[in-house]
J.: 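Structure provided below as structure tokens; questions to follow.
The figures here come from the full heavy-atom set of this structure, side chains too, leaving out hydrogens, waters and symmetry mates. To find a chain, count down the sequence lines: A is the first, B the second, and so on, and within it residues start at 1.
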Amino acid sequence: MLRFIFRRLLSLLPVLFVVSVVIFSLIHLTPGDPARAILGQNATNEQVAALRESMGLDRPLVEQYLGWVGGVLTGDFGDSYFLRKSVTEAIGDNAVPTIQLAVIAIIVAIVLSVPFGTLAARFRGGRLDRSVMGFTLIGMTVPSFVLALALMVVFGLMLRWLPISGYVNPFEDFAGGIRTLIMPGIALGAITAALITRTTRAAVLDVLNADYIDAARSRGVAEGRLLFSHTLKNASLPVLTIIGLSLGGLVTGAAVTETIFNIPGLGQLLVTSIARRDYPVIQGVILFVTLIYLLTNLLIDLLYGIVDPRVRVGKA
Amino acid sequence: MAPNSPATTNTAAPSTTVLAMQPVAARDSLWRRMLGNTGLMTGIVVVLVIFVVSYVLPPLLHLDPYAVDPANRLAPPSAAHPFGTDNFGRDLFARIVSGASTSLLVGFVVALVSGVLGAIIGIAAVFNSVLDQVLMRICDGLMAIPAILLAVALTAALGPSVTNLVIALTIVYTPGIARLVRSRALAVTSETFVTASTMQGAGMLHLMWRHILPNTLSVLVVQSTFTFAESVITEAAMSFLGAGVPAPQASWGNILYDGKSVLMQAPQMILITSGFLIVTVLALNLIGDGLRDLVDQRSRSLVGKPGVFARMAAVVTPGRFRQEVKR
Amino acid sequence: AASGDGGDAAKDVVNVVTPAQPSTLDPQISTESIMGEITGSIYETLVVTDENLVPQPMLAESFERSDDGLEYTFVLREGVKFHDGSELTASDVVDSMNRWTRVSIAADGAFDGSEWTEVDDYTVKLTVPTASFLHLLYLSDIGTSYPAIMPSEVIEEFGDEPVQDIVGTGPYTLKEWDADQRIVIEKWDDYQSVDAPSSGRAGAKDAVLNEVVFSFVPDAATRTMGMQSGQYDVTPELPFDGLTQFQEDPNLVLGTYTIGPINLVYSDRAGGPFENVVNRQAVNTALDRDPIMLASVGSEELYDLVHHNMTEPQQAIWDTEVGKAEFNAADTAAAKALLAEGGYAGEPVTLLVTRDYTEAYNAAVVVAEQLKGIGVDVKLEALEWASYFDKYKEGRDEWDLTIIPQGTVTDPTQTVGFLPNRAGYYDTPELHDLLARFRAAPTQDDATLIFDEMQQYIETYRPLTRLGDAHNVYAASKDLELPVFNSHFVWWNASWK
Amino acid sequence: MHAVRGVTLELQRGEILAIVGESGSGKTLTARAALGLLPPRTRTGGRVLLGGADVLQAAPEALRSIRGGEAAMIFQEPSTALNPVFPIGWQLEEGLRAHGVTEPAERRRRTVEMLRAVGIPDPERRLGDYPHQFSGGQKQRIVIAMALALRPSVIIADEPTTALDVTVQAEILDLLRECRDDFGASIVLITHNMGVVADIADRVAVMYRGELVEVAPVDELFRSPREAYTRQLLAAVPRLGGGREEPDASPASAPTGASDSTTSTAVSAAPAAPAPAVLLDGVDIEYRSGFGTKPVRAVRGVSLQIARGEVVGLVGESGSGKSTIGRAIGGLETVAAGRLEVLGAELRGLPRRRLRELRRRIGFVFQDPAASFNSFMTIEDCVIEPMRIHRVPGGRSAHRARAAELLDAVELPGSYARRYPFELSGGQRQRVGLARALALDPELVIADEPTSALDVSVQARVLDIFTSLQRELGFAALFISHDLAVVELLADRVGVLQGGELVELGATEQVLHAPQHPYTQQLIAAVPVPDPEVQRLRRRAEDPGHPLLDAEAIA
Ligand SMILES: Nc1ncnc2c1ncn2[C@@H]1O[C@H](COP(=O)(O)OP(=O)(O)OP(=O)(O)O)[C@@H](O)[C@H]1O
Ligand SMILES: Nc1ncnc2c1ncn2[C@@H]1O[C@H](COP(=O)(O)OP(=O)(O)OP(=O)(O)O)[C@@H](O)[C@H]1O
Ligand SMILES: [Mg+2]
Ligand SMILES: [Mg+2]
């Protein structure tokens with residue numbers, strides 16, 4: 001077990017290395033110039049060239065890469081061009097709201113979708129199933145920005161219950177923080193919830209007709225327990241996977257929602273950094289996100305073995 | 001534990017009286033089973049209609065999705081413009097109808113390609129732990145690369161085109177599907193019937209295709225339809241950045257995106273387009289669910305009445321289907 | 001608390017919402033208008049304009065121009081303090097102004113060869129190689145890359161790179177900069193006001209508001225809704241369609257101000273169709289500007305059509321009849337004839353545009369349609385800003401037309417058509433000659449005469465076609481007294497009613 | 001199509017009613033109907049009264065308390081009746097929890113006791129194990145434990161002892177009897193083992209093609225069966241001591257192996273003969289499961305040789321490693337120590353391609369037929385599958401013809417070809433498994449209890465076919481079975497396995513009639529005789545019952 005985890009953790013290194021190379025090349029492949037972004041559209045070429053030189057952007061790519069990787073290995077991810085702080089700080093600051101948001105969204109999603117997905121599968125074709133499926137259909141197809149705007153109009157403008165945008169850290173001001181996180185949490189959670197609900201339903205349908213369910217029923221196990229404990233565990237591999245993926249996706253995929261609700265999260269940071277070619281931040285954030293993906297997926301892989309004893313990931 | 005029916009103790013404990021049971025025989029031919037599956041048929045019909053409409057109507061009605069008329073921008077629905085106009089005064093009906101082909105194309109190709117690739121990767125991964133490690137790490141890495149960056153870089157390298165967009169979106173969606181399929185496949189490979197097939201000397205391909213794939217179909221279908229919807233929407237975000245569908249060309253995603261900034265003035269842009277998208281995705285869902293029912297006879301729960309399609313077919317070809325309809 | 005509801009308790013805070021933070025607050029370097037909006041009350045300059053656009057002293061107590069126009073003398077006010085507590089002296093001014101001459105775009109050209117020297121602790125002297133009306137104009141203009149005065153220590157520290165220590169002499173100080181979130185400026189209690197009535201940017205600055213909070217909200221819909229809900233009090237830019245939407249809102253006061261011209265720029269790349277001036281003229285003749293501008297800004301109230309190369313508010317100074325008759329011909333038949341004459345044979349034409357500026361993109365869509373109408377095979381290429389700008393600057397061979405919005409400028413030499421290193425690359429000796437003559441015009445009147453000639457140059461060479469001038473909609477809470485001058489809010493004169 | 005038609009049955013309190021009948025005659029469906037557990041897509045008519053309440057109409061809540069509480073069912077196929085992702089202890093406790101045993105310690109205690117009662121060794125440790133870690137017979141006993149743990153007043157046992165060796169079977173039958181005697185439970189026992197019927201039943205119901213043809217007290221039925229089908233059934237019962245049909249007809253190539261009658265001597269391969277079909281030499285097999293758990297050594301030092309064309313029977317205690325040996329020969333388990341050669345190839349380190357090629361020549365019948373079919377494939381497809389895999393010439397139509405032929409050989413009507421595995425009865429599925437194993441004319445057949453779910457008449461016919469095919473094709477076979485009579489009928493030699501070790505190996509005659517090892521002797525003594533009177537006498541002669549449920553009874 002420990003050896004497996006250790007091996008997996010070791011295997012993160014080559015992945016991070018490859019990702020860093022890919023990201024570095026991708027970034028430098030894209031047109032656009034941070035120096036020009038800093039100086040604005042009226043800057044002369046000489047000014048831009050001078051700034052590029054002082055930022056080290058005129059050096060050969062390999063040299064720039066090695067310099068960056070060298071820094072990363074010593075824990076120095078460089079400084080942002082625009083944020084007046086180091087990349088580590090920037091990620092640290094922006095990860096907090098993102099993670100809070102992701103956690104809220106994923107909790108909302110799980111709490112809603114796993115039970116509803118399971119019930120929908122159980123009563124397949126029935127009224128409950130159809131309405132749940134209808135909702136998930138909307139959750140899946142309505143773009144998150146539309147949902148976000150609709151929420152804003154209703155709760156921010158018409159009812160005036162919640163602030164339109166902005167972010168307050170709930171650890172500093174709990175009520176205020178929660179108020180700012182509710183709408184983005186719902187907007188983000190909705191699409192995730194739709195996906196998890198559908199996946200749960202599909203996975204539960206796969207096992208619902210198994211004989212062991214009938215057998216457990218014959219022993220008088222209550223339908224609810226039968227569904228939520230017996231069936232669900234058999235169906236949980238895909239469900240766990242989709243939850244893991246969504247969690248990872250929420251960290252980056254939240255960009256649209258974060259932008260709309262103006263939450264200073266990683267997604268927004270990444271998007272704005274890409275727009276203004278803030279190389280160190282882009283690289284740092286992507287490495288961070290890669291790490292998150294790798295770790296959640298490692299966790300999920302471990303959970304597979306716990307949930308389904310027949311599955312042994314990473315063994316021949 | 002005492003039996004709780006003391007009164008009847010000595011008479012009958014269980015007494016089976018005149019029991020008759022009729023398992024309903026499966027409908028035989030694939031074609032009949034499809035006809036019997038109303039959801040599947042509805043889905044197919046709807047998708048066909050949308051396809052036909054998007055490819056046939058524009059030339060037929062001489063729809064011009066590009067004709068601008070700024071004086072008439074954001075007009076509500078009227079006789080001249082049944083869906084109203086967009087922020088350039090272009091006819092929304094023409095744009096939605098002709099945008100359908102682009103969106104459907106992008107959505108279908110991405111959903112299909114990433115579905116197929118994801119299924120292959122996910123299933124292949126369960127056969128070999130080294131391969132699994134390599135493939136899954138690659139997927140993890142790919143998942144972290146943001147779609148925007150990929151789009152911008154691809155456009156820079158290859159120029160904007162729908163193909164590049166499809167490539168970028170496929171790269172973005174495949175890893176997730178692969179992981180999901182893998183999770184189901186992992187459980188399936190430990191089933192005895194897979195061992196049984198192995199024991200008959202089945203090769204990897206056979207196992208993948210005949211045993212594991214059908215069993216992962218359910219999650220695959222969910223994920224693919226989701227990918228369809230997502231790529232239709234994401235397509236717009238990418239086009240916004242210059243990757244993908246060239247600017248004035250209509251696509252549902254573009255219309256949604258344009259509609260966002262005039263949500264208050266012209267809600268119909270988002271409402272109508274979303275409506276179309278929902279119907280399409282619904283149809284795809286029906287097809288997906290139906291396909292799943294075709295392979296998985298066991299979970300098919302609805303019996304009895306033949307669907308409308310079976311009845312219609314019975315009317316058209318009376319001899320062949322009468323028997324079934326009666327039953 | 002900064003992003004509160006506008007607050008009844010603290011009616012001395014104003015919440016401003018804008019799309020993006022400035023990349024730097026260095027007033028001498030940055031060309032972003034939001035920088036000017038924020039730093040305008042932090043930094044001060046030697047001279048500023050009053051409401052009649054006449055230069056008045058600010059940090060200078062008085063100033064004087066020699067008769068030959070080659071020498072300016074500025075006597076500084078005594079006892080003016082920087083936010084860091086140090087006192088303003090001539091050396092600070094000299095260092096600041098010399099740096100400005102080096103790093104600022106605005107000074108480029110007009111201040112070539114000029115030199116600032118310290119006469120005594122409170123007197124500085126500017127010597128210029130040729131007399132020009134431009135000098136005072138630039139010294140008093142506060143918008144982008146303006147001649148703000150900062151302490152010598154700061155300049156020493158940062159040299160020609162963007163400064164990070166924001167230390168000025170104005171009535172507000174930078175209190176907080178939460179990257180990508182907000183910038184807060186705060187009233188500075190030690191401010192030394194001029195003893196003269198307030199007029200334009202000149203005169204007394206008795207700040208009332210305690211704090212101005214600039215929040216950066218990238219999404220337009222969010223900004224609008226934030227304004228509607230009262231979460232924000234002021235926004236310098238509503239989306240264009242906001243005008244019709246909010247005209248009836250009882251809580252908001254709307255206004256417009258010119259943000260600048262939208263130009264269609266031609267690339268004269270070798271082998272391209274627009275290498276030939278006839279084809280450029282053809283396009284110019286073909287365009288029907290009203291629909292273009294209507295699509296661009298969404299409302300007839302938000303654009304004007306100006307036939308010459310300056311924006312509408314400057315009409316008083318720069319008016320010219322040149323080109324007026326031919327302007328906005330919208331004559332497709334003539335255009336087709338011109339195209340035939342120019343030998344355009346239907347080769348594909350790339351119209352480069354960015355979606356990050358809606359007004360440009362929207363105009364481009366209509367322009368493309370109109371060009372198709374005269375038989376030009378236009379392909380629209382819409383890129384995100386950084387890629388767009390890279391291509392616009394470095395990839396001149398990859399596009400034929402581009403539509404680019406421009407901010408308001410102080411004088412014609414700053415407009416795209418007269419920038420030899422920009423846009424269509426019409427870097428001809430004739431242009432240089434014109435520019436040199438223009439810059440050497442000692443007075444405004446002399447310059448106005450040359451402007452006719454310059455305008456004629458545009459008409460003849462057609463490096464660009466002017467589409468129209470866009471106006472921004474700003475909105476403010478109706479409870480707020482908020483003067484606007486020269487497209488900028490005057491924060492020290494703002495107060496809650 | 002009617003699966004069950006007009007069945008009327010009554011069960012008295014404290015009575016043991018045996019239902020026998022042809023495979024596929026509707027026994028399981030009838031039993032399931034008693035609890036209202038019908039497969040999807042069935043239509044029912046009639047009534048099922050359980051203690052006065054109609055199960056088919058009952059409200060869900062009432063149904064729930066009936067299920068498990070008043071009536072419990074032991075499912076025919078244990079492998080599919082156990083949830084693979086829960087430890088068996090948890091699953092056992094689930095039933096108790098559902099019926100109001102709230103105290104966790106109490107639940108655990110009863111669980112452990114029940115497991116001990118059904119003879120699972122070391123129950124405390126195995127509570128946390130998952131179903132796949134148990135042998136077929138152990139799973140079956142766990143399922144029995146589950147049903148009995150609830151002390152239901154009606155027990156419906158659907159072939160509860162098919163996977164059990166005779167000694168364990170005897171213990172389970174004792175257990176059932178105890179349930180009746182001590183708690184007054186009524187028992188419906190579905191079985192095809194006439195010995196069991198004779199041993200335990202009070203009354204017998206005979207089903208044929210979905211209809212009840214005869215109900216009679218057990219003595220009467222055995223003495224003077226009324227219906228023709230019943231007579232036929234009784235006549236088909238194989239009896240231990242009946243010997244092989246043609247004892248001397250063993251193929252010439254088969255060495256009688258008389259020298260291997262004891263385990264200690266190592267197998268000495270016949271020098272002149274071609275490589276034996278199977279050669280095990282000091283084989284150890286281990287199961288490893290879970291991170292950091294101790295490996296289970298299921299097979300220890302087994303040496304065994306199967307010559308070409310020879311049928312070796314493997315009998316032994318449930319959980320002694322029979323299936324494990326079978327799986328190892330098929331290359332499904334790796335050998336921890338020793339040498340294992342199959343059809344001349346050393347399995348260890350055999351490249352995948354070669355292994356596949358080898359498997360083409362092996363037919364394998366799995367112990368649990370239900371789990372070994374993909375429920376997405378029709379049974380025709382299942383039978384065709386090996387032909388497809390190995391691209392047997394002739395194309396689809398030839399494959400289908402061959403499948404029809406095979407299905408016919410195992411007594412399945414052609415109309416079943418388009419059915420799905422879950423639409424078959426247990427015995428029918430088992431026959432499909434056999435058909436599939438024979439599809440490619442294998443050189444070696446590993447049959448893991450291939451007839452355990454078949455009634456005697458069908459079994460007789462299937463065995464007939466098996467032997468004639470075997471004679472015709474000359475394949476070697478490892479025949480794992482609990483039914484000593486069947487083994488006697490088929491095998492040239494018999495190996496006896498206990499606790500993972502081969503305790504006896506020799507010619508069938510010798511092992512079954514002159515057993516050397518005490519375990520073998522015990523085994524043979526325990527075989528029930530299909531005659532109620534004889535059984536009663538035998539039982540009386542034995543010790544008067546070792547109350548397995550004693551510990552339980554005190555509680
Ligand atoms: N789900 C189903 N759908 C259709 N037919 C079924 C289904 N289940 C069982 N049958 C059919 O019903 C008949 C009775 O099945 P049942 O399982 O009761 O047989 P059985 O008497 O228990 O046989 P066995 O001894 O082989 O277990 C069989 O012919 C079988 O093919
Ligand atoms: N996957 C596994 N992990 C751990 N132990 C196992 C596993 N499979 C089987 N065993 C154990 O190995 C032993 C032998 O099992 P096997 O299936 O070979 O028994 P068997 O002789 O076929 O018994 P039966 O007659 O009951 O089918 C049993 O004690 C069982 O508990
Ligand atoms: Mg049965
Ligand atoms: Mg076994």
J.: Measuring from A:L137:CG to B:L277:CG, what's the distance to the nearest 0.5 Å?
T.: 8.5 Å
J.: Would you please test A:N297 and B:M143 for side-chain contact (heavy atoms from CB on, under 4.5 Å) and show each step?
T.: CA-CA 11 Å; A:N297 287 340; B:M143 271 187 248; 3.8 Å; yes
J.: What part of A:V15 gets within 4.5 angstrom of chain B, counting heavy atoms only: side chain, backbone, both, or neither?
T.: side chain
J.: To the nearest 0.5 angstrom, please state how far the CG atom of B:L282 sits from the CD1 atom of A:I138.
T.: 10.5 Å
J.: Please flag which part of A:V307 lies under 4.5 Å from any non-hydrogen atom of chain B: side chain, backbone, both or neither.
T.: neither
J.: Considering non-hydrogen atoms only, spot the tightest contact between A:I191 and B:F226 and give its length.
T.: CG1-CE1, 3.9 Å
J.: Quick check on the interface: out of A:I242, A:I27, A:V271, who has the most heavy-atom pairs with chain B under 4.5 Å?
T.: A:I242
J.: Less than 4.5 Å to any heavy atom of chain A: does that hold for the side chain of B:I233, its backbone, both, or neither?
T.: side chain
J.: Quick check: closest heavy atoms across A:D308 and B:A187, and the distance to 0.1 Å?
T.: OD2-CB, 4.0 Å
J.: Return the option, out of A:L29, A:L294, A:L208, with the maximum number of heavy-atom pairs under 4.5 Å with chain B.
T.: A:L294
J.: Is atom CZ of A:F24 surrounded by more than 12 heavy atoms (other residues, nucleotides or ligands) closer than 6.0 Å?
T.: yes
J.: For B:S183 and A:Y304, which heavy atoms make the closest approach, and how far apart are they?
T.: CB-OH, 3.1 Å
J.: State which residue, out of A:L26, A:T30, A:V22, fulfils the side chain to side chain contact (heavy atoms under 4.5 Å, CB included) condition with B:L150.
T.: A:L26
J.: Considering non-hydrogen atoms only, spot the tightest contact between A:M140 and B:E230 and give its length.
T.: O-OE2, 4.4 Å
J.: Heavy-atom pairs under 4.5 Å with chain B: which of A:V289, A:I274, A:L195 has the most?
T.: A:L195
J.: Looking at every heavy atom in both B:A144 and A:I286, which two are closest together, and how far apart are they?
T.: O-CG2, 4.0 Å
J.: Let's test your reading of the structure: which of B:G259, B:S190, B:C139, B:A153 forms the most heavy-atom pairs below 4.5 Å with chain A?
T.: B:S190
J.: Look up atom OH in A:Y293 and atom CD1 in B:I145, then write down how far apart they are to the nearest 0.5 Å.
T.: 11.0 Å
J.: At a heavy-atom separation under 4.5 Å, does B:T225 approach chain A through its side chain, its backbone, both, or neither?
T.: both
J.: State, yes or no, whether a side-chain contact exists between B:V222 and A:R201 at a heavy-atom distance under 4.5 Å.
T.: no
J.: State, yes or no, whether a side-chain contact exists between B:R137 and A:P14 at a heavy-atom distance under 4.5 Å.
T.: no
J.: Which heavy atom of B:G141 sits nearest a heavy atom of A:T290, and at what distance?
T.: CA-CG2, 4.3 Å
J.: Once rounded to the nearest 0.5 Å, what's the spacing between atom OG1 of A:T241 and atom CG of B:L186?
T.: 8.5 Å
J.: Do the side chains of A:T141 and B:S274 get nearer than 4.5 Å, heavy atoms only?
T.: no
J.: If the threshold is 4.0 Å, N to carboxylate O, is there a salt bridge linking A:D301 and B:R182?
T.: yes
J.: Could you go through the salt bridge (charged side-chain N to carboxylate O under 4.0 Å, His left out) check for B:D289 and A:R198 one step at a time?
T.: CA-CA 11 Å; B:D289 276 6; A:R198 284 192 170 250; 5.6 Å; no
J.: At a 4.5 Å cut-off on heavy atoms, which part of B:L263 comes close to chain A: side chain, backbone, both, or neither?
T.: side chain
J.: B:F228 versus chain A, heavy atoms under 4.5 Å apart: side chain, backbone, both or neither?
T.: neither
J.: Given a strict heavy-atom distance threshold of 4.5 Å, which part of B:N128 is in contact with chain A: side chain, backbone, both, or neither?
T.: neither
J.: Find the distance between CD (B:Q133) and CZ (A:R8) and round it off to the nearest 0.5 Å.
T.: 5.5 Å
J.: Sort B:I270 into side chain, backbone, both or neither according to what part of it lies under 4.5 angstrom from a heavy atom of chain A.
T.: side chain
J.: Are A:I23 and B:L149 packed together at the side-chain level, in the sense that at least one heavy-atom pair is separated by less than 4.5 angstrom?
T.: yes
J.: Between B:M136 and chain A, which part of the residue has a heavy atom less than 4.5 Å away: side chain, backbone, both or neither?
T.: neither
J.: Taking the side chain as C-beta and beyond, is there a heavy-atom pair between A:D206 and B:R184 under 4.5 Å?
T.: yes
